[in-house]
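In this text the structure is predicted, and so the values were computed from the model without any measurement. Along the sequence shown, residues carry numbers from 1.
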Amino acid sequence: MASPAPENLSRAIDLWREAYRHQMAGELDRAVALYQESIRICPTAEAHTFLGWTYSFQGRLDEATQECHRAIELDPDFGNPYNDIGVYLMQQDRLDEAIPWLEKAKRARRYEPRQFPYMNLGRIYLKQGKWWEALREFEGGVRAAPRDEGAAKALHSLRGRLN
C-alpha cells in the first residue's frame, strides 16, 4: 500500500483534531461528520478509534467496536482501540470477553495513557471478586503512570480493603 500524500495526512490530522474539540464540547454529530471526513481524506487508526469513541457516547457500541477493528487493521501497534473494545464489552457486562482486549492494549507498542488497560482490568477483577488479580493490575497502572492520582487512589483503596 502506498503512503498517503503528506498534505492528505496533514489535512486528515487537522480534521480529527477539530472533530475531537467538537466531541469534547458535546457536539457529537458534528464530531462524527469531521471524523468521517478525516477518514475519507486519509484513513488513520486515530480517526477510526476516536470516531468509535464518539459512537460510544451516543450509545452505538456495535458501531464503536467496528471502528476500533478498522483502526487495528490500519495500525496493530496502536493500543487505544484494543482498550476501547475492552471498555465497550465492559459496558455490556461481557467482562470475560473484555479481558483479552485489555491484555492486548497493555502490550501495544504505541499507547497513551498507558495505565488505562491496567485500571480497566483491575475493575473487572474487582467485580469478579478476584482481589489479588485486581491488586496486580492496579499496581501495574501505578507503575505505568506514577503521577495518575486516580490509579494511586484505586491501589491504595484496594490495599486498605485487603489489610
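A donor-acceptor pair shorter than 3.5 Å cannot be found between the side chains of N8 and R11. Between the side chains of E112 and N80, no donor N or O sits under 3.5 Å from an acceptor N or O. A donor-acceptor pair shorter than 3.5 Å cannot be found between the side chains of Y118 and E139.
Here the two rings, on Y111 and F78, have centers that are 6.0 Å apart or farther. Close placement of the W101 and H69 rings is indicated, their centers lying within 6.0 Å of each other.
Heavy atoms only, all atoms of each residue included: A98 and M90 are closest at CB-CG, 3.9 Å. Of all non-hydrogen atoms in D75 and A45, the two that sit nearest each other are CB-CB, 3.7 Å.
Residues L121 and K106 meet the side-chain proximity criterion, which asks for heavy atoms closer than 4.5 Å. Side chains of S56 and Y88 form a contact here, defined as non-hydrogen atoms less than 4.5 Å apart. Between K127 and D93, some side-chain heavy-atom pair lies under the 4.5 Å cut-off. Put simply, the side chain of Q66 does not reach to within 4.5 Å of the side chain of I85, judged on heavy atoms. Side-chain atoms of Q58 and V32, non-hydrogen and from C-beta on, do get closer than 4.5 Å to each other.
The existence of a salt bridge linking R40 and E37 is confirmed by a sub-4.0 Å separation between a basic side-chain nitrogen and an acidic carboxylate oxygen.
The aromatic rings of F50 and W16 lie parallel to each other, with less than 30° between the two planes, well short of the 60° mark.
Distance CG/D14 to CG/L9: 9.5 Å, rounded to 0.5 Å.
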